[in-house]
Protein chains: 2
Amino acid sequence: MELDLRKRRVLRVIVEEFVATAEPVGSRRVAERSALDVSPATIRNEMGELEAMGYLEQPHTSAGRVPSDKGYRFYVDELMEAEPLAPAEVRRLRRALAERIREVQGLVQLTARLLADATACLAMVVGPQLEATRIRAVRLAPLGLRRALLVMVTDAGFVISHVVELPPAFDEAELEPLERLLSRHLGGHAPGGDVRRALRVLDREVPRLHPLLEQAEALLAQDLEPGGEERVYLGGAANLLGQPEFRDVQRARALLALLEQERLVRELLARRESAGVEVTIGQEHPHEALHGCSVVAGSFSIGDRAGGRVAVLGPTRMPYRRVVPFVKHVADSLSELLTRAVGS
Amino acid sequence: MELDLRKRRVLRVIVEEFVATAEPVGSRRVAERSALDVSPATIRNEMGELEAMGYLEQPHTSAGRVPSDKGYRFYVDELMEAEPLAPAEVRRLRRALAERIREVQGLVQLTARLLADATACLAMVVGPQLEATRIRAVRLAPLGLRRALLVMVTDAGFVISHVVELPPAFDEAELEPLERLLSRHLGGHAPGGDVRRALRVLDREVPRLHPLLEQAEALLAQDLEPGGEERVYLGGAANLLGQPEFRDVQRARALLALLEQERLVRELLARRESAGVEVTIGQEHPHEALHGCSVVAGSFSIGDRAGGRVAVLGPTRMPYRRVVPFVKHVADSLSELLTRAVGS
DNA sequence: CGTTAGCACTCCCAAGCGGTGAGTGCTAAC
DNA sequence: GTTAGCACTCACCGCTTGGGAGTGCTAACG
């Protein structure tokens, strides 16, 4: 049940024309653009068959054809020729990112902005995952009033900081040795289960610290749970409203409402098995609000550890040829820059 | 040229009816709802005069009247009776905020969410302003590879942290004395001009530190410039799309595009002289995209210093009676909680 | 003199109605 | 297998029409 060469060509032309114009494409246009050198009538036969096979849809009789989700899927998997990025664009991107590589938060936000601008879609970026980092240093800064700031720095430039209450018997002078103790015990561990285990060991060894360690553990757990430190950044929501598929405000509203729930966005970006860029098309999404939409997502890493995710969301009628390589490029650039910054 | 009692009553009814229904209100409805006990014809005369005076507008002949911006302004300033918050709502709010008072970022974000949900508008919150805080402690955590994390903690729970490159001749053992030196010199200063001055003094005293101090100054400047650390949080954009005034997508698009520019949002929230809650209505906004919209904004403070701003944005047809006291309450609650947290 | 009933008038809106044109599917010929 | 020809379908556009809401005006009323 494979598609023969001509059908593939027809499907490709239809997808690309529809992506460009947002209007159903008819047999005549396909005949003109496909360079197949056959008449519209022949194309019509092919289109009829493609529709029967589920790759095309007709909004109504006597309108042209529109790709179905299955059609887009086939296009993305088999037909699309990725459009290489312009060298100037590559340079601009690299320069912009390199400038902010120091602070992860800003980097992630900037990335979202750049992606959105370049693709005219909505961009989503979730930053390096805490779990993927290792604690490099622990500091306790006195704040007075029996409080101190517990700062943990991880190797990806993450800073976890929380105000903790000091046990009543505590003297500020004790902070420095305590700092060293914590650094020794927690350094090198990932701020997930590893650190928790280390905290427990320490708890048994020095029971006096119990109140402090308990707080540290609770606060860490809070950072790690969805919606904690790993913030999600969106950019370019206004881009979507420019697309004709969102002329119906209620659709746009449902989509925005969904995207405001950070938990759902995180779910949307959940890592798949694959290595490269993943495309999720229309009905493949579990949420109804996303049914006319596609998501193109990629991962970046820090050294050999998982970093975060970058993604672009737009109507299924999206310029995949441009978007897919762009997302891939941004993900790879981030990996490279972050890995070098960590210096491992 | 004051409005007599009956005109005030008529205007008030029209504003409130229009706010509730989003449809132009006619003389009959005003007669029914105003309890003035006069006929629609009389009301019509009043409405005609109110229109001539600029308080009302007519979308077209033979439609009811709609308040003009001037009409809303008069309503907000003179006619509106603030609707007290339900005690249950007050309690819920207080509990939710108190839970997150520890970390400023989360608190600000939560506030935006709560405001948006309660008012069915878009909420904007800009966090405590760095300039308004005082540095409480400075820490330098070694990161290896000639780098260290410079952490400055301010009294409002702000944490400013940056990776800095250490001068080549530096030994990690020197960090601790340096830390103490910095703490002594910078502690108590506001991270604006004050700290910069202190840095310069230190620079003269210990020229060896120059490369480090230079970095610190540059990074601080970066944090302080708009778009630095004082992040703006938005919540409830989807709420706006539900309003009938945004049935025209292009309008919504223009608005969203404006709100994506953090600089403009910050401008929008810029402090006015007044003490309480400020309402900016329609054409009073400099940006055209905001012409059908109103903003209700209030300030919160930390101790006796400026804190940040909370605001709500919606169509000019907004339930001011509810929104104004709500914004005021949220601002006051934040002030109270943050002031107590700082413990000054 | 303010208030009111009556009434003509305006104008939006929704529904109904051909005309138009794009695009199709079918059929028969090449 | 391909193609020209052709009837058919159906969204879209512009037009008209009827209805209804709400107004402004005028004249009468207390």
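In the text below, chain A, chain B and the rest are named by the order of the sequence lines, each starting its count at 1. Because the structure is a prediction, the values reported are computed rather than measured.
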Can you check each nucleotide of nucleotides 22-30 of chain C against protein heavy atoms at under 4.0 Å and return B for base, S for sugar-phosphate only, - for none, in 5' to 3' order?
BBBB-----
Residue whose closest nucleotide on DNA chain C lies nearer the 5' end, B:Ile43 versus B:His60
B:Ile43
Within this structure, what is the CZ-to-C1' distance between A:Arg6 and D:dT3, rounded to whole angstrom?
12 Å
If the threshold is 4.0 Å, N to carboxylate O, is there a salt bridge linking B:Glu49 and B:Arg6?
no
Between C:dG2 (C1') and B:Glu49 (CD): distance, integer Å
11 Å
Tell me the partner of C:dC30, counting only Watson-Crick (N1-N3 plus N6-O4 or O6-N4) or G-U wobble (N1-O2 and O6-N3) with both under 3.5 Å; none if nothing fits.
D:dG1
Restricting to non-hydrogen atoms, name the atom on B:Ala237 and the atom on A:Leu256 that form the minimum distance, rounded to 0.1 Å.
CB-CD1, 4.2 Å
Rounded to whole Å, please give me the gap between CG in B:Asp37 and C1' in C:dT3.
12 Å
Can you list the residues that meet the side-chain contact (heavy atoms from CB on, under 4.5 Å) rule with B:Gln58, with sequence neighbours excluded?
B:Glu51, B:Arg65
note: B:Glu32, atom CD; D:dG22, atom P; distance rounded to Å ~ 10 Å
Report yes or no: does A:His285 contribute a side-chain atom to a donor-acceptor pair with the main-chain N or O of A:Ser294 at less than 3.5 Å?
no
Mind checking who C:dA14 pairs with, Watson-Crick or G-U wobble, both distances under 3.5 Å?
D:dT17
Rounded to the nearest angstrom, tell me the gap between atom CG in B:Leu36 and atom C1' in C:dT4.
15 Å
Decide, yes or no, whether a salt bridge links A:Arg73 with A:Glu284 under the criterion of side-chain N to carboxylate O below 4.0 Å.
yes
Aromatic ring pairing B:Tyr320/B:Tyr72, orientation class (parallel under 30°, perpendicular over 60°, tilted between):
tilted
